[in-house]
Amino acid sequence: MEALPLSSGVASNLRPSPFLPHLSPTGRSWNPRAPYSKSKKHLFVCASSSKDSTVTLLDYGAGNVRSVRNAIRYLGFNIKDVQKPEDILSANHLVFPGVGAFAAAMEVLNHNGMAEALCMYIEKDRPFLGICLGLQLLFESSEENGPVKGLSLIPGVVGRFDSSSGLRVPHIGWNAVQITKDSGILDGIEGQHVYFVHSYRVLPSDANKDWVSSTCNYGESFISSITRGNVHAVQFHPEKSGDIGLSILRRFLNTSSSKTKKLACGKASKLAKRVIACLDVRTNDKGDLVVTKGDQYDVREHRDRDEVRNLGKPVELAGQYYKDGADEVSFLNITGFRDFPLGDLPMLQVLRCTSKNVFVPLTVGGGIRDFTDGNGRHYSSLEVASEYFRSGADKISIGSDAVFTAEEYLRTGVKTGKSSLEQISRVYGNQAVVVSIDPRRVYVRSPDDAEFKTVKVTTPGPLGEEYAWYQCTVNGGREGRPIGAYELAKAVEELGAGEILLNCIDCDGQGQGFDIDLIKLISEAVTIPVIASSGAGAVEHFSEVFKKTSASAALAAGIFHRKEVPILSVKEHLLQEGIEVRT
Ligand code: 1PR
């Protein structure tokens with residue numbers, strides 16, 4: 001097809017362009033260092049009139065966009081990757097799932113001429129959907145490691161959420177949006193929860209109010225989506241927002257059907273508490289990768305020839321929990337500490353298969369550390385994590401290695417920047433890095449008897465001890481370390497962790513409820529979200545943990561695997577108790 005000059009018409013099914021009277025391309029200042037020299041007059045918007053099923057994806061290689069790819073393919077569309085600026089201009093539908101840091105993204109876009117092409121494409125009111133950073137980059141500038149200049153298409157500055165008064169940052173989880181204007185693609189999402197994960201946001205103002213199509217409340221009201229004509233961008237992740245998210249993508253891709261309103265009548269009003277299904281995965285004695293579950297971390301069935309408990313197949317179970325309403329699914333490769341995860345191809349395969357059909361966040365942990373294989377080839381933890389992200393993980397979880405890093409940091413007071421935690425959070429953002437803590441209770445008579453932070457326990461110890469500290473362990477609980485869970489949590493927050501998965505070896509698999517003393521201690525010590533884990537045995541345990549602590553999420557394994565309590569029952573119970581959850 002021949003390229004059309006800028007002034008040519010666009011596909012007939014599109015809305016009229018609202019951009020041209022408002023924006024002057026020359027009013028924008030471009031990065032003078034940008035080596036891309038192609039003159040603007042050589043770039044053309046080449047609008048195909050065909051309603052083909054190809055979606056153009058702008059992936060500038062900064063992170064994981066596999067989830068977006070999977071969602072687009074799931075909806076029956078093919079993907080064409082942008083290789084050069086002209087690919088942007090000839091797109092029928094352009095999806096821009098920004099990932100990574102603002103400055104790095106702008107540098108890449110300016111360097112290869114994509115910034116200019118993007119602005120032209122958007123000014124021509126061609127169908128565009130920006131996701132997360134793909135929304136933020138449209139604004140004037142960002143304070144993230146900045147100020148850094150953005151594409152300057154919309155007035156406003158991207159700033160960080162203010163955590164000084166206790167707000168947990170990153171903003172992670174399912175929150176409600178308030179629709180402020182008809183945007184077509186958001187029809188039906190009023191009153192529903194969608195999935196957010198970010199530390200930076202843009203505030204609505206008089207200057208950008210014509211663009212704003214929805215806002216969201218998290219400590220303050222921020223912009224959750226913008227719309228003008230055929231140009232849309234969302235701060236949340238439709239590709240991770242379950243059926244609601246898929247419906248948004250579907251409406252964007254089928255522009256002709258976007259006017260059909262189908263209003264849902266949800267009641268979402270704020271950030272929901274999350275219910276997470278966890279799959280502890282390992283290879284059993286027959287060599288199959290299975291979902292297993294321990295009692296206080298012992299996963300062998302002692303009554304039955306000491307075999308590893310086999311509770312099902314990872315991909316099938318994850319798919320089932322997604323359908324059942326899990327807000328997230330976590331895979332923990334529990335023998336990753338002794339095996340090399342990149343040698344563990346079945347685990348990567350599990351992630352690839354799961355992410356094709358599961359459209360809520362996936363976390364994977366186990367074995368994330370630097371590693372040298374039998375041939376002397378060194379793999380950095382960043383390479384291991386990258387492989388997990390490429391295979392479909394949205395977040396990675398670090399256990400043992402984070403303990404060693406925190407110990408070193410507390411000993412020296414120096415952030416080397418070289419630990420797995422620091423490197424991965426620098427490259428992928430701290431919202432992508434979870435630290436999994438495996439503590440064990442150590443009872444003491446008085447706080448003076450412990451080197452680490454103690455709590456007055458609700459139930460005294462076996463010898464009547466009234467206090468306990470929580471000793472961190474590594475290698476699946478096999479080795480206790482000289483550091484408490486409180487000290488570890490504070491250290492890893494400083495080192496760049498975005499979330500804490502707080503297990504408790506004493507409670508694991510016992511079904512007697514979460515360790516409220518521990519969860520209260522840690523969730524009050526940090527400003528990042530804390531996931532309460534270990535011990536859930538009944539729906540009441542979930543309401544208890546949310547009422548008595550400030551945990552952001554509760555995770556369970558055994559009760560879901562053994563089908564004792566369905567996820568739906570947990571959510572119904574929480575709603576009855578007045579605790580907001582995604583339904
Ligand atoms: O140290 O970076 O290789 O990570 C290993 C990961 O594997 C860590 O996240 C660690 O928690 C996990 N892990 C290691 N060994 C075990 C084990 O069980 N033997 N599982 C293990 C941890 C704890 C939970 C569990 C909850 C809920 N499992 O995540 O799912 O306790 O269970 P419940 O609801 O049945 O009580 P690295």
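One is the number of the first residue; the rest follow in order along the sequence. Below, each value reflects all heavy atoms present in this structure, side chains not excepted, and no hydrogens, waters or symmetry copies. Order of listing sets the numbers, starting from 1, for every ligand and every atom in it.
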| query | Hey, what do you get for CD1 (I483) to CG (L410), rounding to the nearest 0.5 Å? | reply | 5.0 Å
| field | Close-contact set for ligand 1 against G558 heavy atoms, below 4.0 Å | value | 33 (P), 34 (O), 35 (O)
| query | If you measure from atom 5 (C) of ligand 1 to every heavy atom of C278, G535, G294, G366, which option wins on shortest distance? | reply | G366
| query | D327 and salt bridge (charged side-chain N to carboxylate O under 4.0 Å, His left out): which partner among R582, K273, R274? | reply | R582
| task | Calculate, to the nearest 0.5 Å, the distance between atoms OH and OG belonging to Y195 and S67 respectively. | result | 10.5 Å
| field | ligand 1 N/O within reach of N475 N/O, cut-off under 3.5 Å | value | no
| query | Given that the side chain starts at C-beta and the backbone is N, CA, C, O, which of these parts of K293 lies under 4.0 Å from ligand 1, counting heavy atoms, or is it both or neither? | reply | side chain
| request: Return yes or no for this condition: an N or O of D508 is under 3.5 Å from an N or O of ligand 1. | output: yes
| message | Please enumerate all residues that pass ring-ring contact (aromatic ring centres under 6.0 Å, His included) together with F514, with sequence neighbours excluded. | response | F542
| request: Run down the list D438, L502, V435 and name the one with the heavy atom closest to atom 11 (O) of ligand 1. | output: D438
| note | Of S436, A557, G513, the one whose closest heavy atom lies nearest atom 9 (O) of ligand 1 is S436
| Among the heavy atoms of G509, does any lie under 4.0 Å from an atom of ligand 1? | yes
| query | Which atoms of ligand 1 have any heavy atom of A556 under 4.0 Å away? | reply | 34 (O)
| query | Would you say ligand 1 has an N or O under 3.5 Å from any N or O of I368? | reply | no
| So how far is it from E307 CD to K286 NZ, rounded to the nearest 0.5 Å? | 5.0 Å
| message | With rounding to the nearest 0.5 angstrom, report the CG to CZ distance, D280 to R309. | response | 11.0 Å
| message | Does ligand 1 come near enough to D298 that some N or O of the ligand is less than 3.5 Å from an N or O of the residue? | response | no
| Out of curiosity, Y200 OH to Q136 CD, how far, rounded to the nearest 0.5 Å? | 9.5 Å
| ligand 1 and N333, any nitrogen or oxygen pair closer than 3.5 angstrom? | no
| message | Under a 4.0 angstrom heavy-atom cut-off, which atoms of ligand 1 come close to S400? | response | 1 (O), 2 (O), 37 (P)
| Minimal non-hydrogen separation, S163 against L167, with atom names | CB-O, 3.3 Å
| Student check: side-chain heavy atoms of V281 and V350 closer than 4.5 Å | no
| task | Can you sort out which atoms of ligand 1 are near G476, meaning under 4.0 Å from one of its heavy atoms? | result | 14 (C), 15 (N)
| message | Please compare I334, V299, D295 and report which has the shortest non-hydrogen distance to atom 13 (N) of ligand 1. | response | I334
| Atoms in ligand 1 flagged as close to G367, the criterion being non-hydrogen separation under 4.0 Å | 2 (O), 3 (O), 37 (P)
| Would D401 count as a contact of ligand 1 if the rule is a heavy atom under 4.0 Å away? | no
| field | Centroid-centroid distance, Y443 to Y467, less than 6.0 Å | value | no
| note | Tested for salt bridge (charged side-chain N to carboxylate O under 4.0 Å, His left out) against E383, the lone hit among R369, R377, R390 is R377
| query | Looking at ligand 1, does G477 have a heavy atom less than 4.0 Å from it? | reply | no
| Residues which pass side chain to side chain donor-acceptor pair (under 3.5 Å) with D298, listed by chain and number, not counting sequence neighbours | H302
| Is any N or O atom of N503, backbone or side chain, closer than 3.5 Å to an N or O atom of ligand 1? | yes
